[in-house]
Amino acid sequence: MTERRQFLRQLAAGVSTLALAGCDRLTSSQHMAEVLGFGETFTRLAQDSLLGDGLAKEFPESAISPDFRANGTTAPDSQAYLDHAAAAFSDWSLEISGMVAHPLKLTLAELRAAPARTQITRHDCVEGWSGIAKWRGARLGPLIARAMPHPSARYLVFHCADTLELTLDGTGDYYETIALKDAFHPQTILAYDMNDQPLPVAHGAPVRLRLERKLGYKMAKYVMRIEAVESFADIGRGRGGYWEDRGYDWHGGI
Ligand SMILES: Nc1nc2c(c(=O)[nH]1)N[C@H]1C(S)=C(S)[C@@H](COP(=O)(O)O)O[C@H]1N2
Ligand SMILES: [Mo]
């Protein structure tokens, strides 16, 4: 074995131990170039999230709000969404695509079987209300790692099922973007349960993003597709989200 191939093998082994357990295609030689690129991306992401971000505060069960408000869209009305909801999302799947080496389509059952986290956190809406709920969902980091983002991917776009404002050009569709590195924060999950029950339609069924330490509008409900991109300048009106396009701050930190 040449030195270079040996190096690539070791790198692949290292990357898979770090985050990609379960990705069986990783060590096959035709993916080596991708692995090398992803190894660099992953190192940067891991360092960013280890050095940069703490955890959002978590609360005891006793702090859970008895009546957590639903806000924005509470019942998407497209026929496709209504059909999925009527079938309890059994035919639904989440697409992870864009600048990734291995696009994924994950059913709700597959998401429920993926590495998960449960957290009781406070949701803060800029409109001036807060609520505490218990969220359980698939950790986004391992899912994105499985899709193997291209080294130049910088953001994730969350395409949602709802249109909040009717426009001729489609810029009223709800969407959000986050930095790719924020997918690897341990509290970033695609939540499918709220307070130990399947996520209600009003709160974003079948899955909604929980990106703790950010304001409520960042936490996309009704997520249908996640797209890895290098820039969001040509999505929506170019500012990185439905509410960002209407003046809100892209970072939306708390
Ligand atoms: N798809 C979608 N996601 C969305 C919204 C929306 O209208 N549509 N509203 C946002 C806002 S402003 C808030 S405060 C929260 C509300 O989440 P909740 O309905 O679970 O309270 O969802 C965010 N995500
Ligand atoms: Mo909000």
Side-chain angles (χ1 to χ4, degrees), residues 56 59 63-82 84-85 89 92-96 108 111 118-138 140 155-167 170-179 182-183 187-227 232 235-237 239-254:
F59 296 81
I64 292 173
S65 307
D67 46 5
F68 191 105
R69 267 177 67 167
N71 201 42
T73 301
T74 53
D77 56 7
S78 75
Q79 195 55 50
Y81 182 87
L82 293 171
H84 281 309
F89 301 100
W92 173 89
S93 60
L94 171 74
E95 188 181 314
I96 302 182
L108 198 49
L111 280 176
T118 303
Q119 58 209 30
I120 301 175
T121 53
R122 195 184 67 214
H123 176 106
D124 294 309
C125 173
V126 285
E127 291 168 23
W129 59 272
S130 301
I132 294 176
K134 180 180 187 177
W135 306 98
R136 178 173 175 79
L140 187 56
Y155 305 99
L156 295 177
V157 187
F158 295 78
H159 297 278
C160 304
D162 58 316
T163 299
L164 202 45
E165 182 192 342
L166 279 174
T167 60
T171 58
D173 294 351
Y174 206 93
Y175 76 101
E176 256 303 334
T177 59
I178 68 170
D182 284 340
Q187 289 169 318
T188 301
I189 60 174
L190 291 174
Y192 43 68
D193 285 343
M194 179 185 188
N195 298 335
D196 299 315
Q197 300 295 324
L199 186 66
V201 165
H203 293 286
V207 292
R208 68 100 49 87
L209 178 64
R210 291 303 308 173
L211 181 67
E212 310 301 349
R213 304 179 71 240
K214 298 278 185 190
L215 287 162
Y217 60 87
K218 295 300 291 184
M219 305 201 206
K221 306 196 284 188
Y222 319 112
V223 178
M224 300 289 120
R225 181 162 66 97
I226 301 175
E227 184 189 8
F232 50 73
I235 295 165
R237 293 178 189 164
R239 302 230 170 127
Y242 176 91
W243 282 115
E244 288 86 334
D245 285 341
R246 288 156 182 80
Y248 287 13
D249 176 42
W250 179 77
H251 288 95
I254 292 180

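One-based numbering, in listed order, for ligands and for the atoms of each.
- Every heavy atom of E176 sits 4.0 Å or more from the atoms of ligand 1.
- Atom OG in S93 sits 10.0 Å away from atom CE in M224 (nearest 0.5 Å).
- Y174 OH, 3.3 Å is the protein heavy atom nearest to atom 10 (C) of ligand 1.
- In A202, the part holding a heavy atom less than 4.0 Å from any atom of ligand 1 is the backbone.
- Contacts of R69 with ligand 1, taken as heavy-atom pairs under 4.0 Å, involve the backbone alone.
- Nearest to atom 8 (N) of ligand 1 by heavy atom, out of D162, T74, T73, is D162.
- Note: H123 and W129 have parallel aromatic rings, judged against thresholds of 30 and 60 degrees for the angle between ring planes.
- Using a non-hydrogen distance threshold of 4.0 Å, H123 registers as a contact of ligand 1.
- Note on ring orientation: taking the six-membered ring where Trp is involved, the planes of W135 and F68 are perpendicular (angle over 60°, cut-offs 30° and 60°).
- The proximity of F68 to ligand 1, defined as any non-hydrogen pair under 4.0 Å, is limited to the side chain.
- By the criterion of a heavy-atom distance under 4.0 Å, the side chain of W129, and not its backbone, is placed next to ligand 1.
- If you check which protein heavy atom lies closest to atom 20 (O) of ligand 1, you get H203 ND1, 2.7 Å.
- Interface atoms of ligand 1 facing Y222, defined by a heavy-atom separation under 4.0 Å, are 1 (N).
- Of the protein's non-hydrogen atoms, K221 NZ, 2.6 Å is the one closest to atom 19 (O) of ligand 1.
- With a 4.0 Å cut-off on non-hydrogen atoms, L164 touches ligand 1 through its side chain and not its backbone.
- Of the protein's non-hydrogen atoms, the one nearest atom 17 (O) of ligand 1 is R208 NH2, 3.0 Å.
- For E244 and K218, the salt-bridge test passes: some basic side-chain N is under 4.0 Å from an acidic carboxylate O.
- With 3.5 Å as the limit, one finds no donor-acceptor pair spanning the side chains of Y81 and D162.
- Heavy-atom proximity to C125, at under 4.0 Å, picks out these atoms of ligand 1: 14 (S).
- Considering only non-hydrogen protein atoms, atom 23 (C) of ligand 1 sits nearest to G216 O, 3.3 Å.
- Under a 4.0 Å criterion applied to the non-hydrogen atoms of G72, ligand 1 contributes the atoms 7 (O).
- Closest protein heavy atom to atom 24 (N) of ligand 1: M219 O, 3.1 Å.
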- Query: W243 and Y248: ring pair (Phe, Tyr, Trp, His ring centres under 6.0 Å), yes or no, with the steps?
  - Reply: CA-CA 6 Å; W243 282 115; Y248 287 13; 5.1 Å; yes

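- Annotation for ligand 1: atoms under 4.0 Å from non-hydrogen atoms of C160 are 1 (N).
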